[in-house]
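Take a look at the structure set out below.
When a residue number appears, it is its place in the shown sequence, counting from 1.
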Amino acid sequence: MKAECAYFEITRMARLLEVSRAGYYRFLQKSDNLSTIKKRHLEIDKKIIKIHSDSNGTYGEPRITAELRSNGEMISHNTIASRMRDLAISEKTPEFV
């Protein structure tokens with residue numbers, strides 16, 4: 001519908017496709033929000049990967065969260081933990097000899 005709105009009225013397309021006009025607009029709003037969320041996740045992922053690699057893989061969720069917060073990032077530790085799981089990143093413990 002979005003591609004055809006230049007040629008046809010939304011009301012007419014909604015009626016022909018048997019969807020509600022309000023539902024179509026809700027769908028558009030939700031898809032825009034998802035795009036924003038995906039962009040935010042990509043930004044966070046880059047920062048997590050950089051901090052993790054700079055620490056030689058020893059930083060886990062608590063230290064990465066603290067590092068991001070000290071850099072002015074407003075983020076929850078649950079978000080960092082979730083993103084690390086999605087990226088398959090975990091801290092490695094130093095081996096004691």
Side-chain angles (χ1 to χ4, degrees):
M1 287 176 66
K2 189 174 183 178
E4 297 296 323
C5 70
Y7 306 108
F8 302 102
E9 294 177 357
I10 296 294
T11 308
R12 183 174 182 199
M13 287 189 289
R15 186 172 26 98
L16 291 172
L17 295 171
E18 297 178 357
V19 296
S20 71
R21 230 182 51 204
Y24 168 69
Y25 287 116
R26 266 194 312 270
F27 168 77
L28 282 181
Q29 185 178 15
K30 196 178 274 190
S31 65
D32 288 344
N33 286 341
L34 288 177
S35 176
T36 305
I37 291 169
K38 286 181 182 180
K39 287 178 187 175
R40 174 80 170 133
H41 281 180
L42 287 175
E43 291 173 12
I44 292 169
D45 291 351
K46 288 178 187 176
K47 291 176 183 180
I48 289 172
I49 291 169
K50 174 145 178 39
I51 293 169
H52 189 262
S53 65
D54 287 350
S55 73
N56 294 323
T58 58
Y59 277 19
E61 173 267 318
R63 285 183 174 173
I64 290 176
T65 303
E67 181 82 21
L68 287 172
R69 286 181 180 169
S70 71
N71 291 336
E73 193 77 44
M74 299 267 306
I75 196 159
S76 117
H77 66 93
N78 289 332
T79 302
I80 298 296
S82 171
R83 299 310 311 148
M84 287 179 71
R85 268 193 308 275
D86 290 348
L87 294 168
I89 293 176
S90 63
E91 73 276 4
K92 40 180 187 177
T93 55
E95 294 182 29
F96 296 101
V97 180

query = Of the non-hydrogen atoms in Thr58 and Glu91, which two are nearest, and what is the gap between them?
reply =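 Heavy-atom minimum between the residues: O-CB, 3.4 Å.
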task = List the atom of Ala14, the atom of Ser20, and the distance in Å for their closest heavy-atom pair.
result =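 Looking at all heavy atoms of both residues, the closest pair is CB-C, 4.4 Å.
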Lys47 and its side chain to side chain contact (heavy atoms under 4.5 Å, CB included) partner, picked from His52, Glu67, Glu73 =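 Result for side chain to side chain contact (heavy atoms under 4.5 Å, CB included) with Lys47: Glu73.
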Is the shortest side-chain heavy-atom distance between [X] and [Y] below 4.5 Å?
X     : Y     : value
Asp86 : Arg83 : yes
Ile10 : Tyr25 : yes
Met13 : Phe8  : yes

Under the 3.5 angstrom rule, does the side chain of [X] hit a backbone N or O of [Y] as a donor-acceptor pair?
X     : Y     : result
Thr65 : Glu61 : yes
Ser82 : Asn78 : no
His41 : Thr36 : no

query = In terms of heavy-atom contacts, does CD of Glu9 have more than 12 from other residues, nucleotides or ligands at under 6.0 Å?
reply =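 Counting neighbours around CD of Glu9, 12 or fewer heavy atoms of other residues, nucleotides or ligands fall under 6.0 Å, so no.
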ask   = Hey, is CZ on Arg21 packed in by over 12 heavy atoms from elsewhere, all under 6.0 Å?
value =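 12 or below, so no.
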message = As an exercise, state the distance from CD1 of Ile51 to CD1 of Ile80, rounded to the nearest 0.5 Å.
response =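 Reported to 0.5 Å precision, the distance equals 7.5 Å.
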key: Point-to-point distance, once rounded to the nearest 0.5 Å, from CZ of Arg69 to CG of Asn71   =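 It is 12.5 Å, given to the nearest 0.5 Å.
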message = Quick test of your reading of the model: are Glu43 and Lys50 salt-bridged, counting only N-O distances below 4.0 Å?
response =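 Salt bridge between Glu43 and Lys50, a charged N being under 4.0 Å from a carboxylate O: no.
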inquiry  = Please say yes or no: joined through hydrophobic side-chain contacts below 4.5 Å, possibly via intermediate residues, are Ile37 and Ile48 part of one cluster?
reply    =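 Result: no, two separate clusters.
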query = Is there a path from Leu42 to Leu68 through hydrophobic residues (I, L, V, M, F, W, Y) whose side chains come within less than 4.5 Å of each other?
reply =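 No, separate clusters.
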